[in-house]
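Letters A, B, ... mirror the listed sequences (proteins, then strands); counts begin at 1. All heavy atoms count here, side chains included; hydrogens, waters and symmetry mates do not. If you're wondering where the values come from, they're calculated on a predicted model, not measured in any experiment.
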There are 2 protein chains.
Amino acid sequence: MTSTRRQRTGPRGGDTRGDILRAARESFGEKGYDTTSMRAVARAAGVDVALVSYYFGSKDQLFAATMELPVSPSELIDRAFDAGVDEAGPRLVDTFLRLWDDPETGPAFVALFRSAASHEPSREMFAESISTAIVNRYATHLPDHSTRRASLAASQLIGLAVLRYIMKLTPVVEMTRDELVADAGPTLQRYLTGPLTD
Amino acid sequence: MTSTRRQRTGPRGGDTRGDILRAARESFGEKGYDTTSMRAVARAAGVDVALVSYYFGSKDQLFAATMELPVSPSELIDRAFDAGVDEAGPRLVDTFLRLWDDPETGPAFVALFRSAASHEPSREMFAESISTAIVNRYATHLPDHSTRRASLAASQLIGLAVLRYIMKLTPVVEMTRDELVADAGPTLQRYLTGPLTD
DNA sequence: GTCTATAGACGGATAGAC
DNA sequence: GTCTATCCGTCTATAGAC
């Protein structure tokens with residue numbers, strides 16, 4: 001042992017793979033897929049570029065690894081309906097915003113949305129996910145199983161997320177989660193159980 | 001005159017600048033800023049790459065030219081408030097959706113949004129536009145000039161646009177404009193003039 | 001496991017001939 | 001106005017030394 005080592009990067013006792021993954025999550029989340037380079041990820045993680053390929057193979061695979069969500073949306077939705085459909089509106093808003101606020105899960109959502117907006121295959125994945133895992137799941141909890149009600153609800157949630165986490169619009173980013181729940185909760189509730197046109 | 005000319009690209013009697021602009025609009029709209037290359041734009045327009053630089057200088061300037069909207073949002077907003085703030089909700093939804101449905105203006109909005117989602121300078125432009133031209137404009141028509149009310153309204157509109165025109169989610173794309181106006185109109189109305197928490 | 005070196009593409013932009 | 005040729009940069013990915 002006792003070898004003379006460069007001080008530039010060092011031998012890294014730590015979690016190299018994890019460091020890369022964290023850096024990638026952040027960069028994909030902030031800048032999107034194509035603006036993010038493996039070099040930049042490596043730099044942010046404090047590792048050599050070649051290690052990114054070494055651990056993840058390709059940029060696509062790195063991205064895929066980044067996208068794996070540590071949560072099950074279906075479960076969360078079910079739980080939001082636990083207290084009955086008549087109180088689900090605000091609870092859904094709260095659950096939804098918590099996911100985006102959470103530093104563990106938020107960046108993945110941002111990254112997912114960003115690429116869905118500019119990358120056709122991602123868009124299909126995204127639309128499919130929203131459709132089956134979210135909208136249809138909402139619908140199962142509704143008296144009339146209406147996907148129309150469910151997607152109206154989804155539209156309000158997505159709108160909040162876009163302004164707050166993607167576009168970072170001043171009044172919305174500055175509001176607290178509780179304020180948003182209080183303001184948008186009734187909207188969700190009306191979409192789910194209130195009177196709509198037919 | 002009467003010179004022998006190559007048939008590969010030809011002398012182009014037509015509107016070269018316009019052809020480039022149209023091709024760029026489409027590509028930026030479909031694929032976003034960085035996925036769009038000047039080479040691809042030139043190919044789609046049927047012109048030489050160098051002409052893109054010749055007419056627009058840089059990729060950034062080409063993009064900026066692409067983004068110029070043929071409508072004044074402020075005016076449209078004012079008109080939606082013509083019948084009084086108590087009926088503005090549904091009218092705003094209608095006006096907003098018409099803009100996105102219109103083949104003249106819709107593609108520019110899609111392009112604007114797409115690149116705003118993945119290109120930081122565009123995001124700033126977009127956020128700035130929404131903030132001043134939309135949210136603040138709404139606010140001037142409200143009794144309490146609340147930008148918070150205005151941005152909640154904006155969140156619902158943006159959410160509809162995202163699901164309908166960007167992500168193309170089945171239940172939402174299939175609904176008619178009138179249905180959406182009827183369903184989301186009351187939401188807007190409540191955000192503008194209804195009871196909110198403080 | 002970590003790094004150097006390099007191959008191989010592609011992109012933006014410019015100079016200059018026609 | 002249009003095109004050719006080219007410079008220079010950045011990127012992904014891999015081969016191979018340590």
Chemist: With respect to the side chain of B/S37, which nucleotide from C/dG12, D/dT4, C/dT2 is positioned closest?
Modeler: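 Closest nucleotide among those given: C/dG12.
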Chemist: Once the angle between the rings of B/F113 and B/F126 is folded into 0 to 90°, is it parallel (under 30°), tilted (30 to 60°) or perpendicular (over 60°)?
Modeler: perpendicular
Chemist: May I ask you to verify if any side-chain N or O of B/Y54 is less than 4.0 angstrom from the OP1 or OP2 atom of C/dT14?
Modeler: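 So the side chain of B/Y54 is outside the cut-off, no N or O lying under 4.0 Å from OP1 or OP2 of C/dT14.
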Chemist: Can you check the B/K59 NZ to C/dC10 C1' distance for me, whole Å?
Modeler: 12 Å
Chemist: Which one, C/dT2, C/dT4, D/dA13, comes nearest to the side chain of A/D48?
Modeler: C/dT4
Chemist: Does any donor atom in the side chain of B/Y33 or A/D34 lie under 3.5 Å from an acceptor atom in the other side chain?
Modeler: no
Chemist: I need the CZ-P distance between A/R43 and C/dC3, as an integer number of Å.
Modeler: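 Going from A/R43 (CZ) to C/dC3 (P), I get 15 Å.
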Chemist: Return the nearest nucleotide to the side chain of A/A50; candidates are D/dC11, C/dT4, D/dA13.
Modeler: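 Among the listed nucleotides, the one closest to the side chain of A/A50 is C/dT4.
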Chemist: D/dC11 P sits how many Å from B/R39 CZ, rounded?
Modeler: 17 Å
Chemist: What is the separation between atom CD1 on B/I20 and atom P on C/dG12, rounded to the nearest whole Å?
Modeler: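 Atom-to-atom, B/I20 to C/dG12, this comes out as 14 Å.
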Chemist: A quick test of your reading: do over 12 heavy atoms of other residues, nucleotides or ligands sit less than 6.0 Å from CD of B/Q189?
Modeler: yes
Chemist: Looking at A/T16, does any N or O in its side chain come under 4.0 Å of the phosphate oxygens OP1/OP2 on C/dT2?
Modeler: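 Indeed, a polar side-chain atom of A/T16 lies that close.
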Chemist: Taking the nucleotide of DNA chain D with the nearest heavy atom to each, does B/V49 or A/G57 sit closer to the 5' end?
Modeler: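 By nearest-heavy-atom nucleotide position, the 5'-most residue is B/V49.
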Chemist: Considering every strand and a 4.0 Å limit on heavy-atom distances, what is the contact class for B/S53: base, sugar-phosphate, or nothing?
Modeler: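 Here B/S53 touches the bases of the nucleic acid.
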Chemist: Here's a test for you: under side-chain hydrogen bond (donor to acceptor under 3.5 Å, both in side chains), which of B/R148, B/R149, B/R190 qualifies with A/D183?
Modeler: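 Of the listed residues B/R148, B/R149, B/R190, the side-chain hydrogen bond (donor to acceptor under 3.5 Å, both in side chains) partner of A/D183 is B/R148.
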Chemist: Separation of B/F63 atom CZ from C/dG11 atom P, in whole Å?
Modeler: 18 Å
Chemist: Quick one: label B/T35 by what it contacts on the DNA or RNA (base, sugar-phosphate, nothing), any heavy atom closer than 4.0 Å.
Modeler: nothing
Chemist: Out of C/dG12, D/dA13, D/dT2, which nucleotide sits closest to the side chain of B/Y55?
Modeler: D/dT2
Chemist: Under a 4.0 Å threshold between the charged nitrogen and the carboxylate oxygen, would A/R98 count as salt-bridged to A/D102?
Modeler: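 Here A/D102 does not pair with A/R98 in a salt bridge, since their nearest N and O are not under 4.0 Å apart.
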Chemist: Quick one: B/L51 CG to C/dG12 P, roughly how many Å, whole number?
Modeler: 15 Å
Chemist: Mind calculating the distance between CG (A/D19) and C1' (C/dG1) to the nearest angstrom?
Modeler: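 Taking atom C1' of C/dG1 as the reference, CG of A/D19 is at 14 Å.
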